[in-house]
Amino acid sequence: MDDDFKKNALAAGKLAGEALLYGKTLIKPDVKIVDILDSVESFIQEKGGFPAFPSQISVNTIAAHQCSALDDDSIVKESDVIKLDVGVHINGYIGDNALTVNLNNEYKELVEASKKALKNVSTMFTPGTPVGEIGGVIQDTIIDMGFSPVKNLSGHGLGYFNIHTCPSIPNVRLDNSNVLEENMHVACEPFATNGKGAIAEGGSPTVFTLQVPRPVRSPIAREVLQKIKTYDGLPFASRWLEREFGAGKTRLALMELQKNGSLIAHPPLREIGKGMVSQHEHSFIVGDKPIITTKIDDE
Ligand code: CO
């Protein structure tokens, strides 16, 4: 195995795991969600890593890509089903993990469903395993507990400065020929719901990725684009820019950069049946003895 890859992927996974558990301790009633996200990202940088994507807290029926704007004063409520998703990169190698918290345990079983699904597949990241079989075990586990897997969300390969590469790790049984290979680096993220089992994009995006930097007209957009280039092609939060350039300038710049095709937007992903959604995620290095790079304790 490439030494650089292994050393950095293990370090990124460990820090991502620590940051996730740190973030979990901050999820308490009436705490501002944006403050939790800021604290997790500061924690990552203080320990020598960088966010591989903006830390995200997606609440209730939103499965993913919910990321507070700077002026978002939403707070944690005891009944919320809160997905915390945290990614770290160290020298471009990524660790990605997530967990779900429901403080009053109203949705305890739903939270348990995605957690158990991830646990049940954690020994399957061995060379030659068809990814569709992993999806099958996820699907069966979640259905056995009375819920549905979210079929159009999947895990993904983790590339160098690239959060979503091949192979895709489905959350349902798929009959395709993709098999895992030695030293593949992948994130597996089962999502469970009491809704219809699918998501669609909905709402204003606050997470973006630089695709191709195209020439821009306005000086504001040019200035913001220079900053965006420092994110190394990884996803970023509009909040990071708002802090530096102000909300108005940021909004104008992001609009112009989306219009001219420089940016891809990642809007919130909502369960189409308005179901509650839980998620658990770990990063794995495929091998005869698979390594869970993000595993810190029992989460
Ligand atoms: Co992921």
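Atoms within a ligand are numbered from 1 in the order they appear, just like the ligands themselves.
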Requested in this report: Measure from the ring center of F208 to the ring center of H266 and say whether it is less than 6.0 Å.
Outcome: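 So the answer is no for these two rings.
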Query raised in the report: Are F161 and H89 an aromatic pair by the rule of ring centers under 6.0 Å?
Result: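 Yes.
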Report task. Measure the acute angle between the ring planes of H164 and H156, then classify it against the limits of 30° and 60° as parallel, tilted or perpendicular. Result ->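 Rings of H164 and H156: perpendicular, over 60°.
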Requested in this report: Find out if a path of hydrophobic residues (ILVMFWY) with successive side-chain heavy-atom gaps under 4.5 Å connects V137 to M184.
Outcome: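 Yes; tracing contacts between hydrophobic side chains, which count when under 4.5 Å, links both residues.
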Query - Within less than 2.8 Å of the Co ion (ligand 1): protein N, O or S atom count - result: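 For the Co ion (ligand 1), the figure is 4.
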Query raised in the report: Knowing that exactly one of D71, D38, D72 qualifies, which makes a salt bridge (Lys or Arg N to Asp or Glu O under 4.0 Å) with R239?
Result: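 So the option named by the test is D38.
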Atom pairs and distances, side-chain donor-acceptor, residues 146-155, under 3.5 Å, sequence neighbours left out:
{"residue": "N152", "atom": "OD1", "partner": "I199", "partner atom": "N", "Å": "2.9"}
{"residue": "N152", "atom": "ND2", "partner": "I199", "partner atom": "O", "Å": "2.8"}
{"residue": "S154", "atom": "OG", "partner": "S168", "partner atom": "OG", "Å": "3.2"}

